[in-house]
Asks: 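Structure provided below as structure tokens; questions to follow.
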Number of protein chains: 2
Amino acid sequence: MTVSKDDKWTEKKISRREMLKLTGVGMAGVAIGASGLGGVMKAMGYELLEDDSTTAQNKVNFYGPHQSGIVTPVQTHIYFASLNVLLTSKQELQELFKQWTPLVVRLMNGETMVEATTNTRVPTGDTGEAAGLDAANLSITVGIGPSLFDKLAMQHLKPTALQDLPHFPKDQLQQEWTGGDLCIQACADDPQVAFHAVRNLVRAASGKVEIKWSQAGFNSFPAKGGTPRNLFAFKDGTGNPTDVQELKKAVWVDNGWLKDGSYLVARKIQMHLETWDRTSLKDQEATFGRHRDSGAPLGKTQEFDAFDVEEKDSNGEYLMPDTSHTHLARKSGVQMLRRSYSYASGVMSNTGAHDAGLLFISFQKDPAQFIAVQNSLGRMDKLNEYITHRGSAVFACFPGVQKGSYLGEALFNAL
Amino acid sequence: MTVSKDDKWTEKKISRREMLKLTGVGMAGVAIGASGLGGVMKAMGYELLEDDSTTAQNKVNFYGPHQSGIVTPVQTHIYFASLNVLLTSKQELQELFKQWTPLVVRLMNGETMVEATTNTRVPTGDTGEAAGLDAANLSITVGIGPSLFDKLAMQHLKPTALQDLPHFPKDQLQQEWTGGDLCIQACADDPQVAFHAVRNLVRAASGKVEIKWSQAGFNSFPAKGGTPRNLFAFKDGTGNPTDVQELKKAVWVDNGWLKDGSYLVARKIQMHLETWDRTSLKDQEATFGRHRDSGAPLGKTQEFDAFDVEEKDSNGEYLMPDTSHTHLARKSGVQMLRRSYSYASGVMSNTGAHDAGLLFISFQKDPAQFIAVQNSLGRMDKLNEYITHRGSAVFACFPGVQKGSYLGEALFNAL
């Protein structure tokens, strides 16, 4: 990350590396020299950056109707932090978001938190561990939890939908992984870039916020592209809404100060890998309702094949067992946008079993969608035998920001 | 990961992707078509793989005089596991290493643990989460700890050098991060590939080993290449030995059953990021003895500039303070190969501070080298104010394996 005085990357500007990516040189080889490529790209309306510094690379746009990190293509790493707010007034909260907004822009641009200074006798404006790294497609998504409205006497603006989730069968929630006044979801194609973002935003708000809980996670994508697998080896995210109409229906809030925002549900789900690994492939597939290798619904051959949960074979048995995860989830009739990450580090001190699982994250127009799916899974879901929900939180993620505005402006305008 | 009946990758064979990498197409653009490139490569003695499947990509060689994961170029991710052995005899231990050896080869080839089977009524031979991912430069390094020799009545073969490390000033070791009979260090450019390797080797040895402690970590490399930064933002690994003579002197054991092997020292070092971040750049640089941005020794301009710790300025002050980490480490006069990874996930439950730091790993001919450096740092090292050692372990890592042999054969031949 280097320091720049102004945002010098316009959408039309493109680095040499991006150009090579776009034109597919890295994939198949083409018979055009470098200068020839530049000409082609220029004709297409792209301007080749003079300064091919790393900072121009792999940048997600901050500004737009929605926050980044929701429909942004899933990155390989997440650092998710749930924060307690130490502030005592709405005004201070507004100041915090006004302070954070340009910092988020800088981080997503692959820049340092502040301009460099020659004064070495004060703490540095940026903690520095992302120096030399590019923006790594960093997205930052900010949301506020139900407890914040009570803390800062803003109950009248608390959306009815923003409530702590109800208790679900098999929940074994631990306070150390549950709740929070505010969240920062930092996703990037580099774990150090994601952590750097959270660390520096929290540091810039020292005395105003503290981390209640945090979780790092990863997704690994097949070299040939496609849906990543969770630690049970099943593809995760196949049924996600994809087109604008589906997203409008399932993900974006359509009224009030949260219009064009979305509700984020986070669940820390421990996966009992050792138990799972002792199960036959047939039972694993009957548990998910899908084929492990292809991701196809049981009875179908391709991952994205359409299926009807009521379809039965010649013996009158469901093709997709009615206790399977996919069967029950589909039966709820609701969609949400899942954007989960695996975690694996350490062992359970009492058993020596892997402390591993899924940081489940979903975005929806209303947490009721998540609740409906979870209730449909209920006590029936065969997957319950292999997982335990350890943490839970829900946040209202602000709409996107236009230039000149700041995160959460609509909320403060409504106060 | 796909299943192959035989090892079809020879050193001379090369995938299209590797070819493009080698010829630098991705970097600068060249004016040769794909077929032309193939001709050039063929003339250089490379054979282009017919089957350009993902499994052929990014593969580290298992066989050789030394184990992989020591001088292998540092990958972006580690999954390090320290294991307790549940076995009761040397013979069973030998069987374990004979069992593991071909499995390690398969994993490093980007293959599944075993041939695929059509029997879906038994647990699968491979846990499957690496399906579709390539080998990701996976290296696997296996070592044995001092406690193993006592457990299995092999004390007469325990090298004198293989002892638990002595207590150092400022150590606050916790049993849950300390010791172990055996270690598996899995490093890869994909966290899921590294975790998959440890998970499957431990699973294949179910009832024979159990995980005592494990730690995931990451390193982020500048797009332009160079030394990665730790979470204090300083480049870590600058002073490493690089050429064959230096490695011979500092890293490889030169006699006994461990000849061509090396000692691995692992230290889980918590970094107090919040305290560090309140320190001025000048103090940070005086603590490390290097410039943060460039990595240059204090008073020099380039990362790899030579320096003399005794050099003073015109006022008679050391250019590199005599309480700085680099000054004291260099003063010990010994070298070792550092191969550390950062970790960051979660917060300390009592303080809300980041639970982050460094999984320090070094390889040396004798743990005495690490002890000498640590003693030189002693109570003087200014860095002590910002770190706490939480875990410690030492392992004797076997020499490399020749085809037809197995991990640790020299040890069992010496029994």
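Note that the structure is predicted; figures quoted are calculated from it, not measured. Numbers restart at 1 for each chain; the letters A, B, ... are given by sequence-line order, proteins then strands.
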Asks: For chain B, which candidate among A:Glu176, A:Gln284, A:Glu129 shows the most heavy-atom pairs at distances under 4.5 Å?
Replies: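 Of the candidates given, the most pairs with chain B belong to A:Glu129.
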
Asks: Using a cut-off of under 4.5 Å on heavy-atom pairs, state which of A:Ser206, A:Ala81, A:Pro191, A:Gly217 scores highest against chain B.
Replies: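 Counting heavy-atom pairs under 4.5 Å, the top option is A:Pro191.
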
Asks: With a 4.5 Å heavy-atom cut-off, do B:Glu285 and A:Thr120 have their side chains touching?
Replies: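 Side-chain contact under 4.5 Å: no.
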
Asks: Could you check which of B:Tyr343, B:Trp213, B:Phe195, B:Phe234 has the highest count of heavy-atom pairs closer than 4.5 Å to chain A?
Replies: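 Most heavy-atom pairs under 4.5 Å with chain A: B:Phe195.
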
Asks: Please flag which part of A:Val122 lies under 4.5 Å from any non-hydrogen atom of chain B: side chain, backbone, both or neither.
Replies: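 Contact with chain B is through the backbone of A:Val122 alone.
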
Asks: In terms of heavy-atom pairs under 4.5 Å with chain B, which of A:Arg121, A:Glu274, A:Lys235 leads?
Replies: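 Top option by heavy-atom pairs under 4.5 Å: A:Arg121.
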
Asks: Can you check whether A:Phe218 and B:His77 have ring centres sitting under 6.0 Å from each other?
Replies: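 They do not qualify: ring centres at least 6.0 Å apart.
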
Asks: Of the backbone (N, CA, C, O) and the side chain (C-beta and beyond), which part of A:Ser349 lies under 4.5 Å from a heavy atom of chain B, both, or neither?
Replies: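 For A:Ser349, there is no contact with chain B at all, as no heavy atom is under 4.5 Å.
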
Asks: As an exercise, state the distance from CE of B:Met348 to CD1 of A:Ile211, rounded to the nearest 0.5 Å.
Replies: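 CD1 of A:Ile211 is found 12.5 Å from CE of B:Met348.
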
Asks: Side chain from CB out, backbone as N, CA, C, O: work out which of these in B:Phe221 comes under 4.5 Å of a heavy atom of chain A, or both, or neither.
Replies: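 Just its backbone gets close to chain A.
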
Asks: For A:Trp276, is it the side chain, the backbone, both, or neither that has a heavy atom closer than 4.5 Å to a heavy atom of chain B?
Replies: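 When you check distances to chain B, only side chain atoms of A:Trp276 fall under 4.5 Å.
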
Asks: For B:Arg278 and A:Pro123, work out which heavy atoms get closest and say how close.
Replies: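 The answer is O-CG, 3.4 Å.
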
Asks: I'd like to verify something: which residue of A:Val202, A:Asp293, A:Thr279, A:Thr76 has the highest number of heavy-atom pairs under 4.5 Å with chain B?
Replies: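 With the most close heavy-atom pairs to chain B, the winner is A:Thr279.
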
Asks: Could you have a look at A:Arg229, A:Arg199, A:His354, A:Arg203 and say which one has the most heavy-atom pairs with chain B under 4.5 angstrom?
Replies: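 Looking at each option in turn, the highest pair count goes to A:Arg199.
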
Asks: Is the shortest side-chain heavy-atom distance between B:Leu231 and A:Gln192 below 4.5 Å?
Replies: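 Heavy-atom side-chain distance check passes, below 4.5 Å.
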
Asks: In Å, rounded to the nearest 0.5 Å, how long is the span from CG of B:Leu281 to OG1 of A:Thr118?
Replies: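 Between B:Leu281 CG and A:Thr118 OG1, I get 11.0 Å after rounding to 0.5 Å.
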
Asks: Under 4.5 Å, counting heavy-atom pairs only, tell me which of B:Ser220, B:Ser214, B:Gly226 racks up the most with chain A.
Replies: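 Ranked by contacts with chain A, first place is B:Ser220.
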
Asks: What part of A:Glu210 lies closer than 4.5 angstrom to a heavy atom of chain B: side chain, backbone, both or neither?
Replies: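 It is neither, since no heavy atom gets under 4.5 Å.
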
Asks: Based on non-hydrogen pairs under 4.5 Å, which of B:Ala233, B:Ala356, B:Ala353 is most in contact with chain A?
Replies: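 Counting heavy-atom pairs under 4.5 Å, the top option is B:Ala233.
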
Asks: Given heavy-atom pairs under 4.5 angstrom as the criterion, report whether the side chain, backbone, both or neither of A:Asn230 touches chain B.
Replies: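 Contact with chain B: backbone only.
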
Asks: Please give me the minimum heavy-atom distance between A:Arg292 and B:Thr124, naming the atom from each residue.
Replies: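 Smallest interatomic distance, heavy atoms only, reads NH1-OG1, 3.3 Å.
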
Asks: Return the minimal non-hydrogen interatomic distance between B:Ala344 and A:Ala216, and the atom names on each side.
Replies: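 Between these two residues, the closest heavy atoms are O-CB, 3.7 Å.
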
Asks: Among A:Leu273, A:Asp283, A:Asp355, which residue has the highest count of heavy-atom pairs closer than 4.5 Å to chain B?
Replies: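 Maximum pair count with chain B is reached by A:Leu273.
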
Asks: Please state whether the side chain, the backbone, both or neither of A:Lys212 comes within less than 4.5 Å of a heavy atom of chain B.
Replies: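 Backbone only.
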
Asks: Under a 4.5 Å heavy-atom cutoff, which of B:Val347, B:Asp190, B:Asp277, B:Asn219 has the most pairs with chain A?
Replies: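 When all of B:Val347, B:Asp190, B:Asp277, B:Asn219 are compared, B:Asp277 has the most.
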
